[in-house]
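Written out below as structure tokens is the structure these notes cover.
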Number of protein chains: 2
Amino acid sequence: MTTITTIEPPSKRAEIREAAAQLFRDKGYAATSMRDLAEAVGLKAPSIYNHFASKEEILRSICFDNAQRFLNGLSQIERMPGSAADKLRALIRLHILIATEDATSVIAINDEWRHLTEPYLSRFVAIRREYEQRFKAIVEQGVQCGKLRNVHPHIAVHTIFSSMRWLHDWYKPGKSITPTDIERDIEGILMEGLVCGE
Amino acid sequence: MTTITTIEPPSKRAEIREAAAQLFRDKGYAATSMRDLAEAVGLKAPSIYNHFASKEEILRSICFDNAQRFLNGLSQIERMPGSAADKLRALIRLHILIATEDATSVIAINDEWRHLTEPYLSRFVAIRREYEQRFKAIVEQGVQCGKLRNVHPHIAVHTIFSSMRWLHDWYKPGKSITPTDIERDIEGILMEGLVCGE
DNA sequence: CCTACCGATCGGTAGG
DNA sequence: CCTACCGATCGGTAGG
């Protein structure tokens, strides 16, 4: 008699990854032990190594997949027709969307990536810098054509990135303040603050 | 012959604290060992315990002193005459000032406080909540009297807090972008984004 | 302020 | 997937 036991193995790796992202968010990467993680998914610590080669591979998986999501969104927005202000608005929506949909993973890309070791650390920093540069190019274009106020693009970009960095910590589905409220208010503050009035 | 060796002891504790804040910023509290810290100040690990009772006492000292700086600034601003918008502007300046003057300590209050243990963790969370509530009260007042746009005060407060959270990571004296630039641009973005037009 | 050292816990491996 | 166990490193103490 053959028993089918190979239906769910692809999801076990994902389950561990999700639990790890949660723990990294709550306690940080360094303070999370493989025993904590094992307990969270109902295994013993050594069994984790059947799914990931090391603790760092889990962090790596979270960081690079999440970075890809931001990069894909950015690529789509770059190809979009519309003014720099339109693109900026779309970028703000992208950040809010990812922060509310994938809150546990976002913390990793924000804070825990520094625990990556070489050569992955350098690679991650390069991806991050690339994202920042391409985001900055859109702001620069908006400033040059006079659609955006005359601010340092570097300051504008980091202010935008940062201004949504509390969402993943605070947001949980079912709050009285909805994602729609969040989007309207944050988008309002940043767009009014950046786009030229007259 | 008596040698005077008691001139500088009050500064050794401060030196250790400063080095610890730097390490916590770079590697995080959990990933910083007492041996790392000892090396940074030219001691052996056990000697640190002549100045602090535990690793956590160092973190505690950084977190609570820094929190006090924010609270003192807030108290002064609350007593200030002027509209809610004036007070909001002063609060934004307070955050920029502390972030550029005391960058290494600010990281602790933002990220590493979660490694405090009870009863200090609860105390710290209470202080943080109090600060947030009093900040929010100023925003609420501005919204009610029509000086500020109709945003959720909770969203506004967190957006403001967050929007300056990159400064302590990025700012170093001697950059081509000066604290004056930073203040002008960030204040511009946030005030234009929050204050009613016309 | 140091050397010597403690028990606990860490990430990870061997072997089945 | 587990039990058993590894060397390394942790925060901290004893004793001088």
Side-chain angles (χ1 to χ4, degrees), chain A residues 2-17 19-24 26-63 108 112-118 120-121, chain B residues 2-17 19-24 26-63 108 112-118 120-121:
Chain A
T2 50
T3 33
I4 305 166
T5 49
T6 42
I7 334 170
E8 49 84 71
S11 77
K12 194 68 186 179
R13 192 177 149 102
E15 186 192 336
I16 292 169
R17 225 188 73 129
Q22 193 79 244
L23 285 164
F24 295 168
D26 294 341
K27 318 176 24 159
Y29 175 77
T32 299
S33 72
M34 293 302 265
R35 283 141 178 103
D36 293 335
L37 176 55
E39 195 182 1
V41 293
L43 296 176
K44 298 291 177 180
S47 303
I48 304 282
Y49 292 89
N50 291 314
H51 301 279
F52 289 93
S54 66
K55 186 184 176 188
E56 198 199 334
E57 204 212 339
I58 305 175
L59 179 64
R60 224 147 60 204
S61 157
I62 295 168
C63 287
E112 305 301 331
W113 58 267
R114 64 183 164 176
H115 293 110
L116 292 169
T117 57
E118 296 298 352
Y120 304 101
L121 179 61
Chain B
T2 50
T3 33
I4 303 169
T5 50
T6 42
I7 334 169
E8 48 86 70
S11 77
K12 195 67 185 177
R13 192 177 149 102
E15 186 192 336
I16 292 169
R17 224 187 74 129
Q22 193 79 244
L23 285 164
F24 295 167
D26 293 340
K27 318 179 22 161
Y29 175 77
T32 299
S33 73
M34 294 301 266
R35 281 138 180 107
D36 293 335
L37 176 56
E39 195 182 1
V41 293
L43 296 176
K44 298 291 176 179
S47 302
I48 304 282
Y49 293 89
N50 291 315
H51 302 280
F52 289 92
S54 65
K55 187 183 174 187
E56 199 198 333
E57 203 212 341
I58 304 174
L59 179 63
R60 222 149 59 206
S61 156
I62 295 168
C63 288
E112 305 301 332
W113 58 267
R114 63 184 163 172
H115 293 111
L116 292 169
T117 57
E118 298 296 353
Y120 304 101
L121 180 60

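Chain letters run A, B, ... following the sequence lines, proteins first, then strands; residues in each count from 1.
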Per-residue pairing states of DNA chain D in dot-bracket (Watson-Crick or G-U under 3.5 Å; . unpaired, | other strand) read ||||||||||||||||

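Between B:Ala20 and B:Leu37, the shortest heavy-atom distance links the atoms N-CD1, 3.6 Å. Here the shortest heavy-atom pairing between B:Ala19 and B:Val41 reads CB-CG1, 3.6 Å. Among all heavy-atom pairs drawn from A:Phe24 and B:Arg114, the shortest one is O-NH1, 3.9 Å. A pairwise comparison of heavy atoms in A:Ser54 and A:Met34 identifies C-CE, 4.4 Å as the closest pair.
Rounded to a whole Å, the CG atom of B:Leu37 is 18 Å from the P atom of D:dT9. Rounded to a whole Å, the NZ atom of B:Lys44 is 16 Å from the P atom of C:dC5. Atom CD1 in B:Ile48 sits roughly 9 Å away from atom P in C:dC1 (whole-Å rounding). When rounded to the nearest whole Å, the span between CG of B:Leu59 and P of D:dG11 equals 13 Å. Here the P atom of nucleotide D:dT9 and the CG atom of B:Asp36 are 11 Å apart, to the nearest Å.
Using a 4.5 Å cut-off on side-chain heavy atoms (C-beta onward), A:Asn50 and A:Leu43 make no contact.
Considering B:Leu59, B:Ile58, B:Ile62 as possible partners of B:Tyr29, the one that fulfils the side chain to side chain contact (heavy atoms under 4.5 Å, CB included) test is B:Leu59.
How far NE2 of A:His115 is from OG1 of A:Thr32: 10.0 Å, rounded to the nearest 0.5 Å.
An OP1 or OP2 oxygen of C:dT9 is reached within less than 4.0 angstrom by no side-chain nitrogen or oxygen of A:Ser33.
Counting only residues at least two apart or on different chains, the side chain to side chain donor-acceptor pair (under 3.5 Å) pairs with a member in residues 36-49 of chain A are A:Lys27-A:Asp36, A:Ser33-A:Asp36.
Comparing B:Ser47 and A:Tyr29 by the nucleotide of DNA chain C whose heavy atom lies nearest to each, the residue mapping closer to the 5' end is B:Ser47.
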Is there any protein nitrogen or oxygen under 3.5 Å from a nitrogen or oxygen in nucleotides 12-15 of chain D, and what are the pairs?
from   : atom 1 : to      : atom 2 : distance (Å)
D:dG12 : OP2    : B:Tyr49 : OH     : 3.0
D:dG12 : OP2    : B:Lys55 : N      : 2.8
D:dG12 : O5'    : B:Tyr49 : OH     : 3.4
D:dG12 : O6     : B:Arg35 : NH2    : 3.4

